[in-house]
Participant: 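Dumping the structure here so I can ask a few things about it.
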Amino acid sequence: MHRDLVFAINGERFVLSDLDPSMTLLQFLRTQTRFKGPKLGCGEGGCGACVVLLSKFDPITNQVSDISVSSCLTLLASINHCSITTTEGLGNTSDGCHAIHHRFAGFHASQCGFCTPGMCMSLFSSLINADKDNRRPKQRDGFSKITVPEAERAISGNLCRCTGYRPIVDVCKSFVAGVDIEDLGFNSFQKKGDGGDPFIELPFYSPGGLCTFPEFLKTEIKSSTPCQSLASGRWHCPQSIEELCNLLNCESLSANRVKLVSGNTSSGVYRELDLHDSYIDLRGIPEMNIIKKDNNGIEIGAATTISRVIELLREENRSTIFVKLADHMEKVASKFIQNMASIGGNLVMAQRDNFESDIATILLGASSTVSVMLSSEKKSVTLEEFLHMPPCTDKFLLLSIYIPSWLSSHNVLFQTYRAASRPLGNAVAYANASFLAHIQVDEKTGDTILENVFLAFGGYGTEHASRARKVENFLKGKPVNTSSLLQAVRLLRQTLVVKEGTRHAAYRLSLAISFLFKFLSPLTKSLIKPEENGRVAIQRGDKYSFTEGLMNGNIHDANQMLLYSKQKVELSTEHLPVGAATKKTGAEMQASGEAVYVDDIPSPRDCLYGAFIYSSKPFAHVKGIRLSSSADKVVSVISANDIPKEGSNVGACTIFGTEPLFPDSMVEYAGQPIGLVVAETQRFANLAAGHAVVNYSTDDLEPPILTLEEAVKRSSYFVVPPFLYPQQIGDFSKGMEEADHKIISSEVSLSSQYWFYMETQTALAVPDEDNSLMVYTSSQTPETAQNVIATCLGIPCHSVRVITRRVGGGFGGKAVKLLEHCL
Amino acid sequence: MHRSREPHLNTAEQRPLATRRQQPDRGEAVYVDDIPSPKDCVYGAFIYSTKPLARIKKVDFKASLASEKILTFISAKDIPENGENIGSATPVGTEALFPDPVANCAGQAIGVVIAETQRYANMAAKQALVEYSTEGLGKPILTVEDAVENNSYFEIPSEYTPTPVGDFSKGMEEADIKISSAEVKLGSQYYFYMETQVALAIPDEDNCITVYSSSQSPEFTQSVIARCLGIPFHNVRVITRRVGGGFGGKGFRSIPLATACALAAYKLHRPVRMYMDRNTDMVTIGGRHPLKVKYDVGFKSDGRITALNLYVLINAGITRDYSPYFPRKFIASIKKYNWSNLSFDVRLCKTNLTSKSSMRAPGHVQGSFVADAIIENVASVLSLETNHVRRTNLHSFDSLMLFYEGVNEEANNYTLPSIFDKLAVSPDYQSRAEAVRNFNYANKWKKRGISSVPIVYMVYCNPIPGRVSVFNDASIVVEVGGVELGQGLWTKVKQMTAFCLGQLWEDGSEKLLERVRIIQADTLSMVQGWITAGSTTSESSCAAVQLACNVLVERLKPLKDRLLEEKGVVSWDLLISQSVKEYVNLSASSLHVPSQNSAKYLIYGAGTSEVEVDILTGATTILRSDISYDCGQSLNPAVDLGQAEGCFVQGIGFFLYEECLTNSDGLLITNNTWNYKIPTIDVIPKEFNVEIINSGHHKYRVLSSKASGEPPLLLAASVHGAVREAIRAARLDYFSTSGGSQGSALTFDMDPPTTMETVKELCGLDIVEKYLVGLIK
């Protein structure tokens, strides 16, 4: 059974029955929806411009989880039953912006602006998660529960090339309840109080003010059962190992290019060289989602995301090893990658593609084991054995990872290391390492003896992370001192073999040595230890005394962000060819049919079509409009009620006055537009408008005035302004007196004429950014059209661009009878 | 696809909108790729050469799923008969769009694969099998040394040739000490604008075409497209509303993509969009000019320099592009110090590499850095404090005028000495320098350094057009030649318009700012738009608007005076509604042409940075940076502050992190976010103080203002200098244990970028073993 893919974007429901399973969420958003906020910056999860919020609902716990994800790597088919929020979902200029939007503007934190929507979503994700946390105390109004370090890290994986980040950090910090307003940088929110004291009035932030998961989707999820395939059978969701095996052994599938996916983040590292026919989503397999904790360790399913692994390890904070692993894993990729990437995927990349994985190295140092399935057979092997097995194929699956907690062992030392160009991660390390040692202190000598030691190194230019067994064996049972350390270092230099062609091989090797030195030197008595750094000598007299830290705090911690900034600015207050019989411009084109008229303009995506419903009564109250049942293709009906508050009901305007676009309640002539039916196609719109049933009432109304006689009788006139009233010549009465003959009260009457321009009235309106509008119209008076549209919508004229290239016949009928259609 | 809606916002407490000018953060701003694709739109992706000098014999595609998606392939053969094979043109040279048939560099676009979606096009481009032949083509030139050997140079037009100062040989005779044939090398840098190169071309009736391009130079783009298609310029409309970062990379390097896109659209009679993937962008676009300098310098024992001679080899890549302007800018920044006598031989090497183009502060950042590298070398040889040697060689006003001949400057506006003294020789600086020495004395595995950099930056102003019109409802619309790149041009122009029209009221009481709207650059609407580059386009656009506003003010003034007499009070709305009735022309255009006095000027600033390096890993932490920048009277301090900070951080990238590496064919291999690291939030200074100095009256400037878009980038060299000082401290330790000379400890080459591995190499890769061995002895 193939199911439809159902999800929500900014609260709107989307249903897709057929789709290319290789389509990314970003591609979908940008090409098939009106949400263009998420930007494509790199397509490999490395810049954050495409970050969106992905929310999931758990029908059992009734909880919504919200995570930031890279939409350029997220496959659309993988978001079934999810809700996506983009920066448009936070707010907009018409309905009101979100505090995040206001603050990015006010702190001058957006220059070219291309990174900003992603920045907003990364920050929003951090805020919403902090504010949902019930363990944290409630904060004062307008502030978040987020902490300064969290706020600063909220956007740590997002790249910006313009601002230098400082103003963005200030935006993030501005949400922290305890933030010293004085510490926030140069901004436009600063006001002067009555006493002349400056204070900052920040745009109000309301935690939890935005619903990220629509109720209709919750209801749908509650009534649904796990699905087996989506996208017309090109996206498989096996719910057990058996189903997976069946799929993998299925002939129709094996002839195709199939990809096994979890978060699909690996496509950011190993860019796909070709398309795939179908995908198998591994996230529904219970064995790959297992979480089992006991006193000796934790078993984690391979499909578990890295961010979930970090959470699990932190929950078990009794084990310092778990805490250190979690600390290290925070530096593996950006938050929006950790939220999608699976731990198993990372290890498989390390195993199959020689990915320089930090996770493989640190788990190796902690003596982890893995559970694998090889040709339908499950077995358990050490992580080191797994890494050195023949490369993973579709028949060789990683199911789970077991990490020992080492809680029952005493005197265990564990450390992990990495060196990368970015302290907070989002950069592959030049080298990484993790060391575990059991130590004992020799009571006589006071030396530290290494009873047992695991030394795992990776990323330095080797295929797989591995243990430096020679060095381990050498150190086992020895006291740690200058001599043993030197020999260990020398042995390590011989042991580590770097692949040919590795860049900076010597540097990477020296890092491995530095790591070992950092680990073991604190166990010696005589060496100057790296940890002792950061102390500064202050000269007093001729003596040096050592104090911890500098006057401006403990700023040598590279993990810490911008701590302080100051911005000081001073404010200070044209004959030939004229006359020649040249051809009409574009005449040939018009003859050949190349000329583009308004309705020839390609419809933009998401373009809707409108048709007027007009009154069939000359003078009546409109009680209601009912669309016939066949009108299910109608998107909306637009009437006078839809005119913006700041706008006015104007449909035409001449120097003598205006006329309303739509009647407020009363139609004054038959043929008067009452409203506009908007539908997916012009045909649907026309059909619906034609079938609309208008309920009129003529109660209490006088009969309509339909003839000149009637008008005269009832004195129904428009006043002709005196300056336009034709001049009389001479004296009529006097002239009559001079006449020989007279004809009295003879009559001539003339009837009307319809313009019958070949092109009927037409317009295409395209809404644009910043409340502006581009209207292509077939008009004789674009300027008037601009004025009327602006007045109707309540926006300045400069926000309305009216373009008239050619008119398919006008004859005056496209001067005042201007009809405007606004989408 | 069905949709239904449900209210998304529930309890949001949102305030009404105060202003509607800030769009990018809400994702409402429309960049080129955000423009809805027209019906029948297809997508293109470049296939590029992986060989530096080869004949393209054939382009085939692998049998694959992706190849099945190919609709067509556009190459040089598709250029119309009356068109030219032209992909870019600058005032100093043109280049071909596609090889016909010889590709001249790895990374040169060969053609465009067209498919139904951008993803299909990108994937299909990867399936290309290009058959090359190098028969009879000779060896490619990949390095400046190869270029010298083969006499492969671009000419530097005489009007752009920099001028020497004094007599070098005489100056050398006065020297106490000489350094000969020292070398400095500088690498390239990639723009890394967040929005990669993008264009959307829509063919229209009568051989017309509209091209939306993310470009700093719509006018140049228009002319190249027209020439390529063989149609008149007035058939080509290039529209640029906003650019998602340019940094010079969309000055000329954006033109080939826009042209290829237009060619495909013209040929296929369908809209074509091309949005380059990051990897292709990095590989094909080029970047900053790498260069190599050899110098001889003579100086007195007190650090005063008497003569400098430079031999500069600039790697310009395969086409002229912007390069002929480069030497003038490089030398202008070298001249920031008083070298007493300065001579040079600057060569523009033509190599089989992607063309190098202007990148933020082109030539200037290299020149300024080389000047400081020479000063640092002199200080090392003399064992003097580097900042002292810097101060000794700062210009007096007289020597400044000698070195910057033809620049109109007044003595009291030469603020550099006072800015530098405050940041680099003040008691506060001295006590910090002392604290750094103490820290280094007390710490073995971490070292600190502090250093300062002064800058003198010469900017050039270009002519820019503008037009200001007022509508019946008194709203104002402005068009200028300058493009909004994120640098705040629109903001400043808006302010300028409000100011100029507001002058009708002596008290400036009419608040016109929110009445002004700036509209996108449209080459059919505004001619002579030129290029947005060189930091001065904002002010020149403001100057153009000022001219146009003056015309309007002149037309409106008599009416305003009359109304004032009649009514006592006149509002903008009343004035305009009456003007409409009385048929006052409410639209004025202008072209601002800088006078000889204002065509170029000098900018000053200084920066001090303090860093800490981890000797064991080579990691650098920037503890603190202070920059001071003379902006004249800032047109908008928030914008100028943002430019200064952003620029500085981009400079940190150049000096510490960003490394452009090529394979043996000159093809860029650092071509993605995995191996090309621009600064992130965790590497910026831990303490970052910026001062925008509001200095006096500058009569030749636009409202006394000075530019801010590029010069502050040069100040990031202070970070590099501080790292050098920290490494010196580490080397003194290292050499004291290994018994080397102090000279070799202090004097060493340290060419940017100074990445982690460079720091560690300079500190000693075997430092741990050396230390342990030392203890055992």
Side-chain angles (χ1 to χ4, degrees), chain A residues 11-13 36-37 41-42 46 87 96 101 104-105 108 110-117 161-165 206 209 211 274-275 419 421 423-424 482 486 504 507 510 513-514 517 528 530 533 536-537 555 558 563-570 572 589 594 596 602 604-605 769 796-798, chain B residues 2-4 8 10-14 22 24-28 30 34 36 38-39 64-66 194-195 205-206 244-245 278 438-439 442-446 471 473 475 477 486 517 616-617 621 633 637-638 642 645-646 649 673 677 681-682 686-692 694 757 765 768 772 775:
Chain A
E12 284 179 34
R13 183 173 184 267
K36 311 240 181 193
C42 72
T87 193
H101 298 148
F104 262 88
H108 314 291
S110 182
Q111 285 187 27
C112 92
F114 210 75
C115 73
T116 320
R161 191 59 151 166
C162 297
T163 63
Y165 304 101
S206 158
C211 164
D274 200 1
L275 301 168
S421 55
L424 282 188
T482 309
L486 179 60
H504 313 299
Y507 167 64
S510 79
I513 287 162
S514 291
F517 180 73
I528 299 176
N533 274 281
V536 69
I555 61 177
L563 291 158
Y564 182 82
S565 72
K566 193 168 71 191
Q567 301 81 38
K568 194 176 166 195
V569 297
E570 292 170 55
S572 58
M589 249 167 27
E594 291 163 58
V596 175
R605 199 173 290 287
E769 66 177 40
C797 283
H798 67 205
Chain B
H2 315 285
R3 301 181 203 149
S4 62
H8 194 50
N10 43 28
T11 61
E13 267 186 77
Q14 286 160 339
Q22 316 106 349
D25 40 332
R26 294 181 303 269
E28 286 181 28
V30 176
D34 300 342
K39 197 164 157 273
S64 65
L65 284 175
M194 292 305 294
E195 174 202 45
E205 64 180 39
D206 198 22
R278 181 62 70 183
N438 290 342
F439 179 92
N443 287 280
K444 168 85 187 158
W445 302 112
K446 284 192 178 165
F471 289 106
D473 71 342
S475 64
V477 72
R517 181 182 189 88
L616 288 171
T617 62
T621 305
Q633 289 188 23
E645 289 185 341
V649 171
T673 60
K677 295 297 186 189
I681 192 165
D682 46 348
K686 301 294 173 200
E687 181 178 343
F688 193 10
N689 303 312
V690 185
E691 182 180 15
I692 302 295
N694 186 346
E757 63 270 19
L765 290 175
V768 169
L772 294 169
L775 285 178

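Here is the naming used below: chain letters follow the sequence lines, and residue numbers restart at 1 for every chain. Computed from heavy atoms alone, side chains included, the values below leave out hydrogens, waters and symmetry copies.
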Participant: Return the minimal non-hydrogen interatomic distance between A:H798 and B:R517, and the atom names on each side.
Facilitator: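 For A:H798 and B:R517, the tightest heavy-atom pair comes out as O-CD, 2.6 Å.
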Participant: Under the 3.5 angstrom rule, does the side chain of A:Y507 hit a backbone N or O of B:T617 as a donor-acceptor pair?
Facilitator: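 The answer is yes, because a donor-acceptor pair under 3.5 Å joins these two groups.
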Participant: Using a 4.5 angstrom heavy-atom cutoff, name the option from B:P36, B:S475, B:G245 with the most pairs to chain A.
Facilitator: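 Ranked by contacts with chain A, first place is B:S475.
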Participant: Considering residues at least two apart in sequence or located in another chain, which fulfil the side chain to side chain donor-acceptor pair (under 3.5 Å) criterion with A:S421?
Facilitator: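 A:S421 satisfies side chain to side chain donor-acceptor pair (under 3.5 Å) with no residue once adjacent residues are dropped.
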Participant: Are the side chain of A:Q111 and the backbone N or O of B:G642 linked by a donor-acceptor pair below 3.5 Å?
Facilitator: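 Yes, because the side chain of A:Q111 sits within donor-acceptor range (under 3.5 Å) of the backbone of B:G642.
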Participant: With rounding to the nearest 0.5 angstrom, report the NZ to CG distance, A:K566 to B:N689.
Facilitator: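 Answer rounded to 0.5 Å: 5.0 Å.
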Participant: For the candidates A:V569, A:I513, A:T163, A:L486, which exhibits the highest count of non-hydrogen atom pairs separated by less than 4.5 Å from chain B?
Facilitator: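 Looking at each option in turn, the highest pair count goes to A:L486.
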Participant: What is the distance from atom CD of B:E687 to atom OG of A:S565, rounded to the nearest 0.5 Å?
Facilitator: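 So the gap between those two atoms works out to 9.0 Å.
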Participant: Just so I know, are the side chains of B:W445 and A:F517 near enough to count as touching, which here means a heavy-atom distance under 4.5 Å?
Facilitator: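 B:W445 reaches A:F517 side chain to side chain.
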Participant: Which residues pass the side-chain contact (heavy atoms from CB on, under 4.5 Å) test with B:N694, not counting sequence neighbours?
Facilitator: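 With sequence neighbours excluded, B:N694 shows a side-chain contact (heavy atoms from CB on, under 4.5 Å) to A:E570, A:S572, B:Q633, given in chain and number order.
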Participant: With respect to chain B, which residue among A:C42, A:C115, A:G164, A:C797 yields the maximal number of heavy-atom pairs within a distance under 4.5 Å?
Facilitator: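 Heavy-atom pair counts peak at A:C797.
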Participant: Could you tell me if the side chain of A:Q567 sits less than 4.5 Å from the side chain of B:E645, heavy atoms only?
Facilitator: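 Yes, close enough: below the 4.5 Å cut-off.
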Participant: Counting heavy-atom pairs closer than 4.5 Å to chain A, which one of B:V477, B:V649, B:L765 comes out on top?
Facilitator: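 With the most close heavy-atom pairs to chain A, the winner is B:L765.
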Participant: Examine distances only and state if a side-chain atom of A:R161 and a backbone atom of B:M194 form a donor-acceptor pair shorter than 3.5 Å.
Facilitator: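 Not a single qualifying donor-acceptor pair exists.
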Participant: How about B:K686 and A:Y564: do any of their side-chain heavy atoms sit closer than 4.5 Å?
Facilitator: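 Not in contact.
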